[in-house]
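To start, the structure under review is shown below, and the notes come after it.
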Amino acid sequence: MTATWLLASSVMDIRKRSVPVWMLLPGGIMAIIVSVYQQSPLFDILGGMLPGIVLLVTALVTKKAGYGDGMVLLFLGILSGRGSLLVFAAGLLLIAFFSLVLLALHKVGRNTRIPFLPFLTAAWLLWCSEQL
């Protein structure tokens, strides 16, 4: 269910360069329901939300990150606990590698904006496959 939501949000992020609120709501609702059902410890939930909070503050202060990315990471933190830090780091590594390749091939410039959500989705899928 989470993977489907992430993939749909990623497609929207690629096409429109933003994720509408109506696409974020199902993820938030799902995260809350799952955390209540699993009776996740509050400390794990708060620790998992930290990368999302950092990304939201970064978006607010610098305008260099998207609010949708921060909200998605916040919801993933509720779902995965402290594993969200690994998902965030993996997403950053994936986008950095992709950006370097595009820069080396002269396909983008220094100030080109690349959507982060597809890389966050790929990192989530890698993290989930490792959990199985």
Side-chain angles (χ1 to χ4, degrees):
M1 184 67 131
T2 303
T4 304
W5 171 70
L6 283 171
L7 289 169
S9 298
S10 293
V11 168
M12 185 64 72
D13 196 22
I14 291 168
R15 287 186 178 173
K16 304 276 185 181
R17 303 283 183 185
S18 68
V19 183
V21 174
W22 65 266
M23 286 192 81
L24 293 174
L25 285 176
I29 293 167
M30 177 179 47
I32 292 168
I33 291 171
V34 168
S35 67
V36 168
Y37 177 75
Q38 292 179 344
Q39 297 177 348
S40 302
L42 184 60
F43 185 73
D44 285 345
I45 293 171
L46 293 176
M49 291 172 64
L50 192 59
I53 292 168
V54 168
L55 194 56
L56 282 171
V57 169
T58 302
L60 183 67
V61 172
T62 66
K63 308 288 190 244
K64 299 281 183 178
Y67 295 106
D69 299 329
M71 292 301 294
V72 168
L73 190 56
L74 192 73
F75 299 149
L76 291 179
I78 294 171
L79 290 169
S80 63
R82 287 183 251 162
S84 67
L85 185 58
L86 294 172
V87 172
F88 183 50
L92 289 175
L93 286 173
L94 290 170
I95 197 169
F97 177 74
F98 183 76
S99 300
L100 285 173
V101 169
L102 289 179
L103 281 169
L105 295 174
H106 302 287
K107 298 289 183 184
V108 297
R110 221 180 78 171
N111 295 323
T112 302
R113 294 180 57 112
I114 299 173
F116 181 56
L117 198 48
F119 299 96
L120 195 59
T121 299
W124 170 264
L125 294 173
L126 288 171
W127 183 77
C128 284
S129 67
E130 200 169 283
Q131 298 300 312
L132 295 176

Practice item. Specify the closest pair of heavy atoms between Val19 and Ser9, including all atoms of both residues, with the distance to one decimal. Key: CG2-O, 3.9 Å
Practice item. Would you check if the side chain of Ser84 reaches a backbone N or O of Gly81 as a donor-acceptor pair within less than 3.5 Å? Key: yes
Point to revise | Steps toward side-chain contact (heavy atoms from CB on, under 4.5 Å) verdict (Leu6, Val72) | key: CA-CA 8 Å; Leu6 283 171; Val72 168; 3.6 Å; yes
Practice item. Return the minimal non-hydrogen interatomic distance between Met12 and Pro20, and the atom names on each side. Key: CG-CD, 3.4 Å
Practice item. Report whether Met23 and Met1 are members of the same hydrophobic cluster (ILVMFWY, side-chain heavy atoms less than 4.5 Å apart, transitive linking). Key: yes
Check your understanding: Just how far is it from atom CG of Leu125 to atom CH2 of Trp127, taken to the nearest 0.5 Å?
Key -> 11.5 Å
Check your understanding: Can you name the closest pair of heavy atoms from Pro118 and Asp13 and give their distance?
Key -> CD-OD2, 3.9 Å
Practice item. With the side chain counted from C-beta on, respond yes when Leu56 and Ile53 share a heavy-atom pair under 4.5 Å apart, and no when they do not. Key: no
Revision key, fill the gap. Rounded to the nearest 0.5 angstrom, the CG-CD1 distance for Leu100 and Ile95 is 11.0 Å
Check your understanding: Between CG of Leu76 and CG of Leu85, what distance do you get to the nearest 0.5 Å?
Key -> 13.0 Å
Review point. In Å and rounded to the nearest 0.5 Å, what is the CZ to OG1 distance from Phe119 to Thr121?
Key: 10.0 Å
Check your understanding: Do you know the tightest heavy-atom contact between Ser10 and Leu117?
Key -> OG-O, 3.4 Å
Review point. Honestly curious: do Phe97 and Leu105 fall in one hydrophobic cluster under the side-chain, below-4.5 Å linking rule?
Key: yes
Review point. With distance as the sole test, does Arg113 use its side chain to make a donor-acceptor pair with the main-chain N or O of Arg17 at under 3.5 Å?
Key: no
Point to revise | Reported CG-to-CZ distance for the pair Leu46 and Arg82, which is rounded to 0.5 angstrom | key: 10.5 Å
Review point. Can you get from Val34 to Met71 by hopping between Ile, Leu, Val, Met, Phe, Trp and Tyr side chains that sit under 4.5 Å apart?
Key: yes
Check your understanding: Do the side chains of Leu60 and Tyr67 get nearer than 4.5 Å, heavy atoms only?
Key -> yes
Review point. How are the rings of Phe88 and Phe116 set to each other: parallel, tilted or perpendicular (split at 30° and 60°)?
Key: perpendicular
Point to revise | Any Leu102 side-chain heavy atom under 4.5 Å of Ile114 side chain | key: yes
Practice item. Please name the pair of heavy atoms, one in Pro115 and one in Ile14, separated by the smallest distance, quoted to 0.1 Å. Key: CG-CA, 4.1 Å
**Study point:** For Ala123 against Gly91, the heavy-atom pair lying closest together
**Key:** CB-N, 3.5 Å
Revision key, fill the gap. Interatomic distance, CD1@Ile45 vs CG@Leu74, rounded to 0.5 Å, equals 11.0 Å
Review point. Honestly curious: do Leu94 and Val108 fall in one hydrophobic cluster under the side-chain, below-4.5 Å linking rule?
Key: yes
Check your understanding: Would Leu92 and Phe75 show up in the same hydrophobic cluster when neighbours are defined by side-chain heavy atoms closer than 4.5 Å?
Key -> yes
Check your understanding: For Lys63, does the NZ atom have more than 12 heavy-atom neighbours from other residues, nucleotides or ligands under 6.0 Å away?
Key -> yes
